[in-house]
2 protein chains.
Amino acid sequence: MERTSLRMMQRAVVGVAPVEGDATLSQSIRRAVDLIRRAAEHPLSLTEAAEVLGVHKSTALRILQTLESARFVRRTGAGTYVLGSGIIELSELALGSMDLRQFAAAPLRTLQRKTGHTVHLAQLTGDEIIYIDKVDSPAFDAVKLPSRIGRAVSIYASAVGKTILAYLPTEERDRLLSHVVFERFTPTTYADRESLDAELLRIREHGWAVDNGEHDTYVMCVAAPIRDSRGRVIAAASMTAIEVIANLDQLKESLPLLLDTAKQISGELGHTADLG
Amino acid sequence: MERTSLRMMQRAVVGVAPVEGDATLSQSIRRAVDLIRRAAEHPLSLTEAAEVLGVHKSTALRILQTLESARFVRRTGAGTYVLGSGIIELSELALGSMDLRQFAAAPLRTLQRKTGHTVHLAQLTGDEIIYIDKVDSPAFDAVKLPSRIGRAVSIYASAVGKTILAYLPTEERDRLLSHVVFERFTPTTYADRESLDAELLRIREHGWAVDNGEHDTYVMCVAAPIRDSRGRVIAAASMTAIEVIANLDQLKESLPLLLDTAKQISGELGHTADLG
DNA sequence: TGACACCGTTGCATATAGCGCTACGATCGT
DNA sequence: ACGATCGTAGCGCTATATGCAACGGTGTCA
């Protein structure tokens, strides 16, 4: 009993929400995941790790040692733990095996160079839209976009999300959106199913999508669909601008290049462009 | 007892070496790591996962569910498990926060474009040399180099490894090499401490290193050191050629560009090049 | 220089968390 | 329609992960 009470007490004190607390999940693995996440953010001392988890130091030590043996974390000279190369290696392995990413890499970089905008590639992966590549604009390294490879992006409040959604088979779209709880991030967000459906219709008519600051007021995007060999839209490429750099009209000037790029990538994937 | 015997039996049958079997390490975390690794290689069914670990299906299920809740793995429509975006996200977080990588990105890409060779950036991280960036040559996408971002590279049988080793403080170099068991990968490998020391001396004299097929017969490299603001060599940049594409002499023609690039990156890191 | 405080590490006894088992439901292929 | 295979849920047992106490090392302040 003392273990439980100590654990609960300390967890309450720390007040951090770790991985969701389903009872059927494995405790030690959840703790390990928590520590990996923390270590990815900033170097973690053993004592700190124990406090974060609300466990005894020896417990945290064993977890960290296990993770270290897998190279998921690494001990620095100062004795703190940081993310290890094992994670990075796995990630590269996964990204490298994505055909889409390989085919798209060169065209996306060309697009970036020609337009100067930050370019993204996003893919429907399971129930999420994930950025799988990103080419930064060298123009504004100071202003950091919140996007990151591997991160999920809003399915209804982003140009890439809406693009993929627009071309999805109806039942698949319904299934995805049934999970969704709509949230009005900004005044321009399509925050209910009806207005979103109308927007998706517009996207299908045009063949491209716009994000007019629908998730973050100052972030504008245009996106175009990418099709596989069977003609199905499986991904989307986008150009992003932060308001101060380029407004939406400027982005639209580069739209033909974006559409060309998307078509080119689709071609690499074996899509014969007959259907338009 | 039945549990143990079942486990040992099946593990023996599978014959795969998982994370080292130190008794003080956490069993379930080790199992989780194993499953992550497997899932990264190819989609994993539940039954397969259980077989791989040598545990009951329900056990494997609980582990996979926990990993899924952390988005370390993801369920595909077919019910199999593959690597999830959580891993990729973590990796990007770690790589993105490396100053060296950010400063080096543009110069390395310029170098690649000018020379056409595949370019690598490697860093001493803990006791390992890790690739932290790579710019592929568009010339040979068929011939795949074994290198990957995040993967450790031989410390004594690679151009980047030898370069970093050459400029390390003596006691640090001794410490690193004391762990090493030399192995003669190819006829050109420096497979003992004496010949390696002589090679390191040559590297310091020239200011750059060569890998003349010392790990893989057909892989040639040249590398140059990168220094931080205190003048210490913390990383190395290299150009790689596969024999059929460019031989070592061709690589050396581009050497001035490589040295320039390395110097430029060092400059970005705050190194004042007075000392040469 | 001593004494205190803090950190990481080890060994051990304990009970909890993770395990295998059984049984059920679903899906598939014959 | 049937068997076979797969994934899932619940349950009781114990192996496993845990907290604890004690130790050694390293600073830090008086």
Side-chain angles (χ1 to χ4, degrees), chain A residues 1-11 13-14 18-35 39 43-70 73-82 126, chain B residues 1-11 13 18-19 21-35 38-39 43-70 73-82:
Chain A
M1 269 307 120
E2 280 173 307
R3 284 170 68 188
T4 310
S5 59
L6 168 67
R7 195 176 302 149
M8 291 175 62
M9 236 179 56
Q10 299 204 354
R11 176 151 293 180
V13 168
V14 172
V19 185
E20 308 296 302
D22 190 320
T24 70
L25 301 179
S26 161
Q27 181 185 73
S28 49
I29 297 175
R30 248 163 38 212
R31 287 175 170 168
V33 168
D34 266 14
L35 288 190
L44 205 62
S45 75
L46 176 61
T47 313
E48 201 178 346
E51 279 172 5
V52 158
L53 293 184
V55 299
H56 197 269
K57 280 185 299 179
S58 59
T59 303
L61 178 66
R62 242 171 305 109
I63 296 174
L64 285 170
Q65 282 174 338
T66 308
L67 292 175
E68 192 186 2
S69 82
V73 301
R74 172 176 69 82
R75 276 203 99 173
T76 66
T80 56
Y81 291 87
V82 297
Chain B
M1 268 309 119
E2 280 174 307
R3 285 170 68 187
T4 310
S5 59
L6 169 66
R7 193 177 302 148
M8 290 173 61
M9 236 179 56
Q10 299 206 353
R11 175 151 298 178
V13 168
V19 184
D22 189 321
T24 70
L25 299 179
S26 161
Q27 181 184 73
S28 50
I29 297 176
R30 246 164 37 210
R31 288 174 170 169
V33 168
D34 267 13
L35 288 190
R38 302 285 184 154
L44 206 61
S45 75
L46 176 61
T47 311
E48 202 178 347
E51 278 172 6
V52 158
L53 292 184
V55 299
H56 197 269
K57 280 186 299 181
S58 58
T59 303
L61 177 65
R62 245 172 300 112
I63 295 174
L64 285 170
Q65 281 175 337
T66 308
L67 291 175
E68 192 186 3
S69 82
V73 301
R74 172 176 70 83
R75 279 203 94 168
T76 65
T80 58
Y81 292 87
V82 296

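Per chain, numbering begins at 1; letters A, B, ... match sequence-line order.
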**Student:** Under the 3.5 Å rule, do the base of D:dC20 and the side chain of A:S58 count as making a donor-acceptor pair?
**Tutor:** yes
**Student:** Please report, rounded to the nearest Å, how far the P atom of D:dA15 is from the CG atom of B:L25.
**Tutor:** 20 Å
**Student:** List the atom of A:I29, the atom of B:A32, and the distance in Å for their closest heavy-atom pair.
**Tutor:** CD1-CB, 3.7 Å
**Student:** Tell me: CZ of A:R30 to C1' of D:dT18, nearest whole Å?
**Tutor:** 15 Å
**Student:** Grab the CG-C1' distance between A:L53 and D:dA17 for me, whole Å please.
**Tutor:** 13 Å
**Student:** Measure the shortest side-chain to side-chain distance between B:Q65 and B:S69 over non-hydrogen atoms and say whether it is less than 4.5 angstrom.
**Tutor:** no
**Student:** It should be established whether B:S45 places a side-chain nitrogen or oxygen under 4.0 Å from OP1 or OP2 of nucleotide D:dC6.
**Tutor:** no
**Student:** The side chain of A:S28 lies closest to which of these nucleotides: D:dA17, C:dG8, D:dG7?
**Tutor:** D:dA17
**Student:** Nearest of C:dT9, C:dG20, D:dG7 to any side-chain atom of A:L61?
**Tutor:** C:dT9
**Student:** Tell me whether the OP1 or OP2 atom of D:dT18 has a side-chain N or O from A:Q27 closer than 4.0 Å.
**Tutor:** yes
**Student:** B:T80 vs B:S45, test: side chain to side chain donor-acceptor pair (under 3.5 Å). Steps then yes/no.
**Tutor:** CA-CA 5 Å; B:T80 58; B:S45 75; over 6 Å; no
**Student:** Which residue lies toward the 5' end of DNA chain C, A:I29 or A:T80, if each is placed at its nearest nucleotide?
**Tutor:** A:T80
**Student:** Once you round it to whole Å, what is the distance between P of C:dT10 and NE2 of A:H56?
**Tutor:** 14 Å
**Student:** Counting side-chain heavy atoms from C-beta on, which of D:dT18, D:dC6, C:dG20 comes nearest to B:T59?
**Tutor:** C:dG20
**Student:** Tell me: CZ of A:R75 to P of C:dG8, nearest whole Å?
**Tutor:** 7 Å
**Student:** Between D:dA9, C:dT9, D:dC20, spot the one nearest the side chain of B:Q65, thanks.
**Tutor:** D:dA9
**Student:** Please check the phosphate of C:dC19 (OP1 and OP2 only) for any side-chain N or O of B:R31 closer than 4.0 Å.
**Tutor:** yes
**Student:** Nearest to the side chain of A:R62, which nucleotide is it out of D:dT18, C:dG20, C:dC7?
**Tutor:** D:dT18
**Student:** What is the distance from CD1 of B:I63 to C1' of D:dT16, rounded to the nearest Å?
**Tutor:** 13 Å
**Student:** Of the options D:dA17, D:dT8, C:dT9, whose atoms approach the side-chain atoms of B:L46 most closely?
**Tutor:** D:dT8
**Student:** Take the protein atom NZ of B:K57 and the nucleotide atom C1' of C:dA23, then report the distance between them rounded to whole Å.
**Tutor:** 11 Å
